[in-house]
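Any value given below was found using the heavy atoms of this structure, including those in side chains, with hydrogens, waters and symmetry copies removed.
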Amino acid sequence: QVQLVESGGGLVQAGDSLRLACVASGRTFSSFAMGWFRQGPGKEREFVAAIGWSGGYINYLDSVKGRFTISRDNAKNTVYLQMNSLKPEDTAVYYCAAHPRLGTLGRFGTYWGQGTQVTVSS
């Protein structure tokens with residue numbers, strides 16, 4: 001089992017920045033691919049960013065490329081999502097996700113956090 005706890009959400013204005021953090025406990029964090037997903041009002045959950053166990057692989061949703069940065073600190077069992085130049089359309093509940101296999105992140109067998117709300121006002 002892996003437990004994930006997100007923090008760092010909040011209410012900000014368009015153009016502001018936020019940094020989300022997700023602390024993992026349970027199994028060996030460094031062996032898991034990690035990622036962030038989000039679910040906006042009336043929308044399905046969507047992929048935002050992913051990072052491989054060593055940090056050597058990183059991928060982003062096209063609409064956040066150049067604005068969001070995912071990173072991880074295996075010594076602290078923590079994955080981060082730095083979000084800059086936030087837009088109202090980034091408003092969503094952001095979920096941390098973990099899976100032993102990067103290619104299956106978000107699918108069956110994924111561990112999920114409880115989510116943290118990000119609200120961006122115009």
Side-chain angles (χ1 to χ4, degrees):
Q1 288 291 332
V2 175
Q3 293 77 43
L4 304 173
V5 179
E6 303 100 332
S7 63
L11 172 62
V12 297
Q13 294 185 332
D16 286 351
S17 298
L18 278 176
R19 188 175 80 155
L20 306 183
C22 171
V23 179
S25 60
R27 297 178 64 181
T28 305
F29 173 79
S30 61
S31 66
F32 278 70
M34 301 295 298
W36 291 92
F37 291 72
R38 68 186 181 186
Q39 187 166 15
K43 299 180 181 180
E44 295 187 354
R45 188 177 298 186
E46 67 175 352
F47 165 81
V48 175
I51 186 167
W53 66 271
S54 68
Y57 173 88
I58 289 177
N59 192 25
Y60 297 100
L61 176 70
D62 283 347
S63 63
V64 308
K65 286 180 180 177
R67 300 188 298 121
F68 291 11
T69 303
I70 188 171
S71 61
R72 66 189 296 162
D73 185 338
N74 288 342
K76 296 183 178 179
N77 286 2
T78 303
V79 62
Y80 303 97
L81 185 67
Q82 177 67 43
M83 305 186 294
N84 298 329
S85 302
L86 282 161
K87 303 176 180 181
E89 51 263 44
D90 294 318
T91 294
V93 178
Y94 283 72
Y95 297 91
C96 178
H99 198 287
R101 297 183 61 184
L102 179 63
T104 320
L105 185 67
R107 302 177 187 175
F108 180 78
T110 295
Y111 296 95
W112 297 97
Q114 82 288 352
T116 185
Q117 177 71 46
V118 172
T119 303
V120 185
S121 64
S122 58

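- The backbone N or O of K76 sits less than 3.5 Å from a side-chain atom of T78, completing a donor-acceptor pair.
- Each of I70, V79, L102 was checked for a side-chain contact (heavy atoms from CB on, under 4.5 Å) with M34, and the lone residue meeting it is V79.
- Taking the ring-ring contact (aromatic ring centres under 6.0 Å, His included) definition, one finds that F47 meets it with F37, sequence neighbours left out.
- Remark: K65 pairs with D62 by the side chain to side chain donor-acceptor pair (under 3.5 Å) rule, at least two apart or across chains.
- Checked against salt bridge (charged side-chain N to carboxylate O under 4.0 Å, His left out), R67 has the following partners two or more places apart in sequence or in another chain: D90.
- Taking CG of L18 as the reference point, atom CE of M83 lies at 4.5 Å (rounded to 0.5 Å).
- Hydrophobic clustering, with ILVMFWY side chains joined whenever heavy atoms are under 4.5 angstrom apart, keeps F29 apart from Y57.
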Practice task
List the steps and the verdict of side-chain contact (heavy atoms from CB on, under 4.5 Å) for L81 and R19.
Solution key: CA-CA 6 Å; L81 185 67; R19 188 175 80 155; over 6 Å; no
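- Remark: side-chain polar atoms of R45 are not paired, donor with acceptor, to backbone N or O of G106 under 3.5 angstrom.
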Atom pairs and distances, donor-acceptor, side-chain atoms in residues 1-15, under 3.5 Å, two or more places apart:
| from | atom 1 | to | atom 2 | distance (Å) |
| --- | --- | --- | --- | --- |
| Q3 | OE1 | S25 | OG | 3.3 |
| E6 | OE1 | Q114 | N | 3.0 |
| E6 | OE1 | Q114 | NE2 | 3.3 |
| E6 | OE1 | G115 | N | 2.9 |
| E6 | OE2 | C96 | N | 2.8 |
| E6 | OE2 | G115 | N | 3.2 |

Problem - Worked check of side-chain contact (heavy atoms from CB on, under 4.5 Å) between S17 and Q82 - result: CA-CA 7 Å; S17 298; Q82 177 67 43; 3.9 Å; yes
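- Looking at T116 and V93, their side chains never come closer than 4.5 Å, going by heavy atoms from C-beta outward.
- The two residues L105 and A50 have their closest heavy-atom pair at CD2-CB, 3.8 Å.
- Here the straight-line distance linking atom OG of S85 with atom CG of D16 works out to 9.5 Å at 0.5 Å rounding.
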Exercise for the section: Start with the C-alpha gap between E89 and T91, add the side-chain angles, then the distance that decides, and say whether side chain to side chain donor-acceptor pair (under 3.5 Å) holds. Expected result: CA-CA 5 Å; E89 51 263 44; T91 294; over 6 Å; no
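- S54 contributes a side-chain N or O that, together with a main-chain N or O of G56, makes up a donor-acceptor pair within less than 3.5 Å.
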Exercise for the section: Take L20 and Y80 through the test side-chain contact (heavy atoms from CB on, under 4.5 Å) and record every step on the way to the result. Expected result: CA-CA 6 Å; L20 306 183; Y80 303 97; over 6 Å; no
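- Residue pairs satisfying the disulfide bond (SG atoms under 2.5 Å apart) criterion with at least one member in residues 28-63, sequence neighbours excluded, are absent.
- For the side chain to side chain donor-acceptor pair (under 3.5 Å) condition, the pairs that include at least one residue of residues 94-112, sequence neighbours left out, are R38-Y94.
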Handout entry: Derivation of the side-chain contact (heavy atoms from CB on, under 4.5 Å) call for L61 and F68
Key = CA-CA 9 Å; L61 176 70; F68 291 11; over 6 Å; no
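- By the 4.5 Å heavy-atom criterion applied to side chains, F32 and P100 are counted as neighbours.
- Here the OG1 atom belonging to T69 is positioned 6.5 Å from the CG atom belonging to N84, to the nearest 0.5 angstrom.
- Distance CG/D73 to OG/S30: 11.5 Å, rounded to 0.5 Å.
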